[in-house]
Amino acid sequence: MRSEGPPILELRNFRYTYLEGTPRASEAIRDVSFRIRRGERVGIVGPTQSGKSTVVDSFAHLLRLKPGQVFYDGEDVAAPGYDRRKLRREVGIVFQQPDSQIIEDVVGADVAFGPTAAGLPAEETRRRVEESLNALGLPYPEYRLRYVHALSGGQRRRVAIAGVLAMHTPVLVLDEPMAGLDPRGRRELLELLIRLQKDRDLTLIVCSASLSDASLLCDRFVVLDEGRVVMDGPVREVLREADRLAQLDITLPEPVIGAREFKKLFPDLPAEILTEDELEAELLKKLGVA
Ligand code: ADP
Ligand code: MG
């Protein structure tokens with residue numbers, strides 16, 4: 001994790017109310033501030049309705065933003081005259097509802113949509129479509145001519161992710177990417193994201209209500225509750241507060257759940273355990289075997 005240098009993304013006392021000024025107004029974000037630096041892998045975690053997707057939508061400039069709250073690469077994205085094309089070129093977002101971002105009927109054409117719109121030559125576009133589909137476990141020769149609406153929900157999610165990957169953006173934002181995937185699909189996507197982050201030196205932002213996958217993918221957690229940041233720190237530091245996280249209705253990683261059970265027997269067992277292997281090693285220590 002690198003944390004020097006100016007932030008690539010920053011929210012400064014961000015507040016957002018849907019349908020502001022109407023009887024149906026809903027205050028989604030009460031006060032959220034954080035800075036994300038290049039190359040960081042940040043999990044934005046919190047229970048449902050805590051404001052994760054609204055934060056993501058602010059990066060996409062989908063909301064009517066007030067100036068002075070959302071900054072990309074040092075620039076206020078809501079300032080008059082801000083060039084939004086830069087944001088679109090550099091921040092790839094996979095939304096929570098992937099169907100909303102599938103544009104074409106045919107898989108290959110859909111994944112090609114972004115690169116084509118960005119003006120890339122046909123040959124480079126084809127190469128990226130092939131690479132992205134293969135990376136997501138949808139082999140190009142087999143899937144490029146398939147109809148999107150004939151695919152399963154998990155496959156459509158992967159098509160949506162492939163379409164964003166094909167843009168080669170330096171920042172990748174995924175809103176609940178594991179939802180609707182079976183265990184094998186989750187494992188494959190997790191491995192792919194870890195590999196991509198290394199190969200492409202990505203800045204990665206992952207929203208999730210479950211810490212299982214996010215704790216293996218991220219270095220840092222920003223925890224939201226009711227539109228506020230309630231914790232922000234390195235993954236292990238945040239996991240140390242397992243009780244508080246459980247109270248917030250955030251799903252803990254399996255090894256942390258295991259550690260909490262064993263804590264009844266060994267009260268000084270650490271809570272910030274990321275893998276089954278670590279849990280086993282700690283237990284062996286406690287039993288005096290290791
Ligand atoms: P999360 O992604 O953590 O589940 P959201 O950002 O989707 O949280 O929602 C935060 C709050 O904003 C919730 O209370 C939700 O009901 C409200 N909200 C989200 N989208 C809309 C919308 N389009 N119109 C009105 N209220 C919304
Ligand atoms: Mg959401």
Side-chain angles (χ1 to χ4, degrees), residues 9-34 36 41-66 69-72 77-78 87 91-102 153-154 156-161 163-164 171-181 185-186 189-190 193 204-215 217-218 220-233 235 238-239 241 244-253:
L9 262 172
E10 178 176 5
L11 295 192
R12 248 184 240 167
N13 303 111
F14 176 46
R15 316 169 96 237
Y16 193 81
T17 303
Y18 287 95
L19 306 169
E20 193 165 21
T22 75
R24 290 171 59 218
S26 120
E27 198 183 4
I29 303 293
R30 295 189 157 87
D31 185 6
V32 171
S33 298
F34 58 74
I36 294 176
R41 306 185 297 176
V42 182
I44 297 182
V45 299
T48 345
Q49 308 231 311
S50 58
K52 304 178 295 294
S53 295
T54 305
V55 164
V56 168
D57 288 351
S58 79
F59 304 154
H61 212 307
L62 289 179
L63 308 173
R64 203 168 300 178
L65 294 174
K66 299 195 173 96
Q69 305 193 99
V70 182
F71 296 81
Y72 180 70
V77 308
L87 203 60
V91 183
I93 303 183
V94 180
F95 293 100
Q96 189 170 353
Q97 312 293 343
D99 283 347
S100 67
Q101 68 194 117
I102 290 178
R156 284 202 302 278
R157 180 173 292 274
R158 290 196 253 170
V159 170
I161 297 173
V164 174
V171 181
L172 183 63
V173 183
L174 302 136
D175 194 355
E176 310 264 3
M178 305 295 177
L181 296 185
R186 297 168 87 103
L189 182 57
L190 192 65
L193 291 172
L204 193 64
I205 300 170
V206 182
C207 291
S208 179
S210 155
L211 301 186
S212 301
D213 303 307
S215 63
L217 202 52
C218 301
R220 169 184 165 200
F221 283 151
V222 174
V223 185
L224 299 185
D225 186 40
E226 296 186 349
R228 288 194 177 84
V229 176
V230 292
M231 289 185 234
D232 182 351
V235 164
V238 171
L239 289 178
E241 312 237 11
R244 213 172 141 202
L245 293 167
Q247 269 169 16
L248 290 174
D249 245 340
I250 296 173
T251 310
L252 296 168

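None of the values given here were measured: they were computed from a predicted structure. Just so you know, ligand 1 is whichever comes first in the structure, and atom 1 is the first atom listed for that ligand.
Side-chain atoms of Arg12 and Phe71, non-hydrogen and from C-beta on, do get closer than 4.5 Å to each other. Side-chain contact between Val171 and Phe59 is absent, with no heavy-atom pair separated by less than 4.5 Å. Proximity of Leu193 to Leu172: side-chain heavy atoms (C-beta onward) are separated by under 4.5 Å at one or more points. The shortest side-chain heavy-atom distance between Met178 and Leu190 falls under the 4.5 Å cut-off. In this structure, the side chains of Ile93 and Asp175 stay at 4.5 Å or more apart for every pair of heavy atoms. Side-chain contact between Leu11 and Ser33 is absent, with no heavy atoms from C-beta onward closer than 4.5 Å.
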Given side-chain contact (heavy atoms from CB on, under 4.5 Å), test Leu224 with Val229 step by step and report yes or no. CA-CA 5 Å; Leu224 299 185; Val229 176; 3.8 Å; yes
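Not one N or O on the side chain of His61 forms a donor-acceptor pair closer than 3.5 Å with the backbone of Leu87. Judged by distance alone, the side chain of Lys52 and the main-chain N or O of Gly46 form a donor-acceptor pair under 3.5 Å.
If you check which protein heavy atom lies closest to atom 17 (C) of ligand 1, you get Ser26 OG, 3.6 Å. Of the protein's heavy atoms, Thr54 OG1, 2.5 Å lies nearest to atom 6 (O) of ligand 1. Of all protein heavy atoms, the one closest to atom 25 (C) of ligand 1 is Tyr18 CB, 3.3 Å. Of all protein heavy atoms, the one lying nearest to atom 12 (O) of ligand 1 is Ala28 CB, 3.1 Å. Scanning all protein heavy atoms for the shortest distance to atom 4 (O) of ligand 1 gives Gln49 N, 2.6 Å. The single protein non-hydrogen atom nearest to atom 3 (O) of ligand 1 is Lys52 NZ, 2.8 Å, given as residue, atom name and distance. Of the protein's heavy atoms, Gly51 N, 3.1 Å lies nearest to atom 8 (O) of ligand 1.
In this structure, Tyr16 and Tyr18 have perpendicular ring planes: the angle between them is above 60°, well past the 30° mark.
Comparing Ala25, Ala209, Ser53 against atom 2 (O) of ligand 1, the shortest heavy-atom distance belongs to Ser53.
When heavy-atom distances to ligand 1 are checked against a 4.0 Å cut-off, Pro47 comes that close only through its backbone atoms N, CA, C and O.
Here 2 is the count of protein N, O or S atoms positioned under 2.8 Å from the Mg ion (ligand 2), waters not counted.
Close approach of ligand 1 to Ser50 (heavy-atom distance below 4.0 Å) involves ligand atoms 1 (P), 3 (O), 8 (O).
Arg220 and Asp232 are joined by a salt bridge, as a carboxylate oxygen and a charged side-chain nitrogen come within less than 4.0 angstrom of each other.
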